[in-house]
Amino acid sequence: MTRSRRFFLIAAVFALFLSGAVPAQTDEVQPLRLSLRECVTAAFAHNTEIRVDSFLPALREQDILSQEAAFDPNLSFTGRYEEASSPTNNFFDLGNFLTKAQTDPNASLSQIQNNIFDIFANPIAIDTTTASLNSAYNDPLRWGARWSSTLFIARSTSNSANAFFPESYYANLQFEYTQSFLRGFGRKTNETFITLARVNRQIDQETFRKRVQDTLLEVESAYWTLVYERQDLDVRNEALDLAQELLRLNKIRVDVGTLPPIDITQAEAGVASREEAVIVAQANIANAEDRLRRVMGLDPGSDDWNRPIEPTEDLGTVERNAVLDSEIKKALDNRTDLQQARLTLESADVTLEAQRNQLKYRLDGTAAYAFQGLAGDTNPIDVFDPNGNRRGTIPAFNSGVPDALEFIRKGRFPTWSVSLVLGIPIGNRSAEAAYTRDSLQKQQDVVQFENLKQAAIVAVGVAVRQVETDRKRIDAAEKNRVLQEKTVEAEQKKFENGLSTSFEVLQLQRDLSEARSSENAARRDYRISLANLDAVTGVLEKKLGVSLEDYESPAQQAASPAE
């Protein structure tokens with residue numbers, strides 16, 4: 001092999017390698033293939049509007065806890081220290097001075113009198129100190145009562161000659177029970193705000209359910225709209241292919257002289273019109289994809305946001321017999337607005353019952369029982385005979401807090417009391433006005449409930465008729481599409497035999513395209529009207545297999561507050 005031939009062979013192999021040996025890499029984005037069920041699941045978990053309203057029941061739960069806190073027991077401790085110096089008004093506080101004056105053989109009565117006058121001019125100061133600790137336990141009870149226990153312990157010192165214990169310890173244990181017999185009596189009355197908070201939580205739960213239903217309805221509408229737009233693009237492309245084929249045939253026939261040049265112009269106009277329709281259909285697909293992405297809760301910053309969505313389901317007809325009476329019954333049992341209205345009536349009953357209780361007199365009874373104890377330290381006591389001669393000293397006696405508490409343990413020094421307090425409001429106009437207002441409010445709520453029932457019945461009737469209308473539209477549109485196909489086929493044969501014009505063929509092709517689009521639109525609307533009927537009757541989330549109990553709200557995911 002010569003060098004030149006070898007060179008050309010190597011060049012040929014190299015060119016072959018560059019052209020086909022290395023596969024070209026593509027950056028084509030893979031579509032998201034989604035079923036309706038997958039879209040529903042994603043929206044239920046990630047839709048931001050659902051996430052916002054999911055906080056409502058959790059917030060109401062805190063309101064319930066806040067109202068129940070009114071019946072939490074309370075334990076309190078109070079410590080106090082006090083020092084005081086005050087002039088004495090007790091004659092026996094002069095005992096030490098008088099004893100000294102009487103035992104002085106040189107003291108005359110006038111001297112004693114002068115000393116006493118000096119005391120009146122300059123009173124003796126009695127110095128005291130007190131340190132105390134008071135512990136109290138209070139427990140409000142749900143039937144309109146309250147009981148409490150109090151333990152009081154105090155240490156006191158005094159320089160008064162009249163004090164048996166210059167340093168004393170006092171203890172007191174008291175139990176008290178108070179019961180309301182008229183106003184404020186009964187568990188229902190005292191749990192009014194708890195009951196209202198629970199009802200409000202149920203109302204917010206229905207608000208959350210309504211949000212879920214509205215979102216799922218939007219998911220279905222967006223999904224079937226996207227399916228329709230993709231099928232409509234196929235219809236527009238088919239129409240474009242027919243127009244391009246007509247243009248090709250017209251050019252051939254103009255070249256052979258069997259058609260005038262004007263037919264090429266008409267065919268080109270038809271192609272341009274179909275191309276515009278394809279462009280619009282492509283834009284409609286992009287808009288429908290964005291709508292579905294948003295309602296599904298996709299993150300705009302994620303890669304999935306820019307991936308095209310390819311639905312895995314078509315617009316095939318789903319047979320369903322919607323019976324008006326059964327659908328109305330279903331709506332009356334399940335609609336969220338009616339459930340909320342029923343809960344509002346329940347709340348009005350609770351409020352009215354509480355206001356009726358406030359019209360009563362107040363009659364409260366209280367029973368109390370207490371024990372006391374006293375201990376302390378005494379000073380040494382000098383003992384004198386009748387002549388004033390000192391006979392001896394009684395030593396000091398020491399006792400403390402345990403000794404004072406021992407008296408309580410043994411039940412010494414009991415004290416008990418009972419009392420009744422009757423309160424009679426004069427006029428009581430505030431309570432009467434509140435009761436009248438709540439009574440009128442309940443009547444208004446009853447009328448509003450009836451209004452909502454009527455609106456629900458009308459809405460169900462409209463939804464049922466829409467389902468029936470769209471089902472009939474499918475039959476009519478399908479028949480029209482079949483006839484249009486036959487008409488176009490016949491007109492095409494006439495055109496081929498020179499018995500029709502390009503304009504007439506293009507017109508019938510356009511009619512066929514519109515017939516196919518109308519059939520797809522009828523199937524889309526039928527799917528959406530079925531979903532709307534489920535939403536109007538309040539069972540959409542059940543039909544789609546969504547359980548609100550399975551939803552984990554952001555409030556549940558939040559960390560508990562730091563202790």
Side-chain angles (χ1 to χ4, degrees), residues 31 223-289 308-318 469-529:
Y223 186 86
W224 296 123
T225 298
L226 178 58
V227 173
Y228 162 76
E229 296 296 350
R230 291 177 67 89
Q231 292 187 355
D232 192 58
L233 177 60
D234 294 338
V235 170
R236 303 304 173 183
N237 282 324
E238 290 176 2
L240 177 60
D241 292 341
L242 290 175
Q244 289 175 339
E245 178 63 16
L246 179 63
L247 176 60
R248 186 185 67 81
L249 293 176
N250 282 359
K251 287 182 178 180
I252 294 175
R253 298 183 69 178
V254 168
D255 290 341
V256 299
T258 57
L259 281 180
I262 189 61
D263 283 335
I264 294 180
T265 303
Q266 292 176 345
E268 288 176 341
V271 169
S273 176
R274 274 55 170 183
E275 287 177 343
E276 179 187 4
V278 169
I279 293 171
V280 172
Q282 291 172 339
N284 290 339
I285 289 176
N287 293 336
E289 287 178 337
I309 299 177
E310 183 179 316
T312 60
E313 302 180 34
D314 56 30
L315 293 172
T317 304
V318 177
T469 299
D470 291 336
R471 183 65 187 88
K472 294 176 181 178
R473 282 177 57 204
I474 292 176
D475 295 337
E478 183 178 5
K479 183 177 181 180
N480 180 43
R481 186 258 306 163
V482 171
L483 293 176
Q484 290 292 345
E485 288 176 348
K486 293 180 179 179
T487 302
V488 169
E489 182 180 357
E491 194 69 23
Q492 188 70 35
K493 290 181 179 179
K494 288 173 61 178
F495 177 75
E496 293 173 355
N497 293 323
L499 301 178
S500 180
T501 64
S502 298
F503 177 78
E504 292 173 336
V505 172
L506 289 171
Q507 287 292 104
L508 292 178
Q509 287 179 352
R510 184 195 64 188
D511 293 342
L512 174 59
S513 176
E514 295 301 323
R516 289 172 174 171
S517 181
S518 296
E519 181 183 1
N520 290 334
R523 295 182 184 278
R524 174 203 62 193
D525 294 343
Y526 179 68
R527 288 279 196 169
I528 295 176
S529 63

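For the numbers below, each heavy atom of this structure counts, side chains included, while hydrogens, waters and symmetry mates do not. These numbers come from a predicted model, not from an experiment.
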*Side-chain donor or acceptor of Glu229 paired with backbone N/O of Asn284 under 3.5 Å*: no
*For Tyr228 and Arg523, run side-chain contact (heavy atoms from CB on, under 4.5 Å): C-alpha distance rounded to whole Å, both residues' side-chain angles, the deciding distance at 0.1 Å, then the answer.*
CA-CA 8 Å; Tyr228 162 76; Arg523 295 182 184 278; over 6 Å; no
_Arg274 vs Gln244, side-chain contact (heavy atoms from CB on, under 4.5 Å): CA-CA, chis, key distance, verdict_ = CA-CA 9 Å; Arg274 274 55 170 183; Gln244 289 175 339; over 6 Å; no
*Would you please name every residue forming a salt bridge (charged side-chain N to carboxylate O under 4.0 Å, His left out) with Asp475, sequence neighbours left out?*
Arg471
*Looking only at heavy atoms, which two atoms of Thr225 and Ala288 are closest? And how far apart?*
CG2-CB, 4.4 Å
*Shortest non-hydrogen separation from Gln484 to Ala515 and the atoms involved*: CG-CB, 3.8 Å
*I would like to know whether Glu268 and Leu247 meet side-chain contact (heavy atoms from CB on, under 4.5 Å); could you show each step before the answer?*
CA-CA 6 Å; Glu268 288 176 341; Leu247 176 60; 3.5 Å; yes
*Determine, for Glu238 against Arg516, whether the closest basic-nitrogen to carboxylate-oxygen distance falls under 4.0 angstrom.*
yes
*Flag the pair Leu246 / Gln266 as yes when at least one side-chain heavy-atom distance between them is below 4.5 Å, and no otherwise.*
no
*Spatial distance of atom CG (Leu240) from atom CD1 (Ile279) [nearest 0.5 Å]*: 10.0 Å
*Can you tell me how far OG of Ser513 sits from CZ of Arg481, rounded to the nearest 0.5 angstrom?*
13.0 Å
*Any residue meeting salt bridge (charged side-chain N to carboxylate O under 4.0 Å, His left out) with Arg236, in chain and number order, not counting sequence neighbours*: Asp232, Glu514
*Is it true that a side-chain atom of Asn237 and a backbone atom of Leu233 form a donor plus acceptor pair closer than 3.5 Å?*
yes
*Reported CD-to-CG distance for the pair Gln282 and Asn287, which is rounded to 0.5 angstrom*: 12.0 Å
_Any carboxylate oxygen within less than 4.0 angstrom of a Lys/Arg side-chain nitrogen, looking at Lys494 and Glu491?_
yes
*From Ile309 atom CD1 to Tyr223 atom OH, the distance as rounded to the nearest 0.5 Å*: 10.0 Å
*Yes or no on side-chain contact (heavy atoms from CB on, under 4.5 Å) for Val227 and Arg524, after CA distance, side-chain angles and deciding distance?*
CA-CA 8 Å; Val227 173; Arg524 174 203 62 193; over 6 Å; no
*Any donor-acceptor pair under 3.5 Å from Asn250 side chain to Asp263 backbone*: yes
*Thr487 (side chain) donor-acceptor with Leu483 (main chain) under 3.5 angstrom*: yes
_Spacing of Leu242 atom CG and Gln492 atom CD [to the nearest 0.5 Å]_ = 8.0 Å
*What pairs with Asp525 under salt bridge (charged side-chain N to carboxylate O under 4.0 Å, His left out), at least two apart in sequence or on another chain?*
Arg473
*Any chance CD of Glu276 has more than 12 other-residue heavy atoms, nucleotides or ligands included, within less than 6.0 Å?*
no
_Whether the side chain of Tyr526 engages the backbone of Leu315 through a donor-acceptor N/O pair (distance < 3.5 Å, no angle test) should be reported._
no
*Shortest non-hydrogen contact from Pro311 to Arg230?*
CD-CD, 3.4 Å
*List the steps and the verdict of salt bridge (charged side-chain N to carboxylate O under 4.0 Å, His left out) for Lys486 and Glu489.*
CA-CA 5 Å; Lys486 293 180 179 179; Glu489 182 180 357; over 6 Å; no
_Separation of Arg527 CZ from Ile474 CD1 (nearest 0.5 Å)_ = 9.0 Å
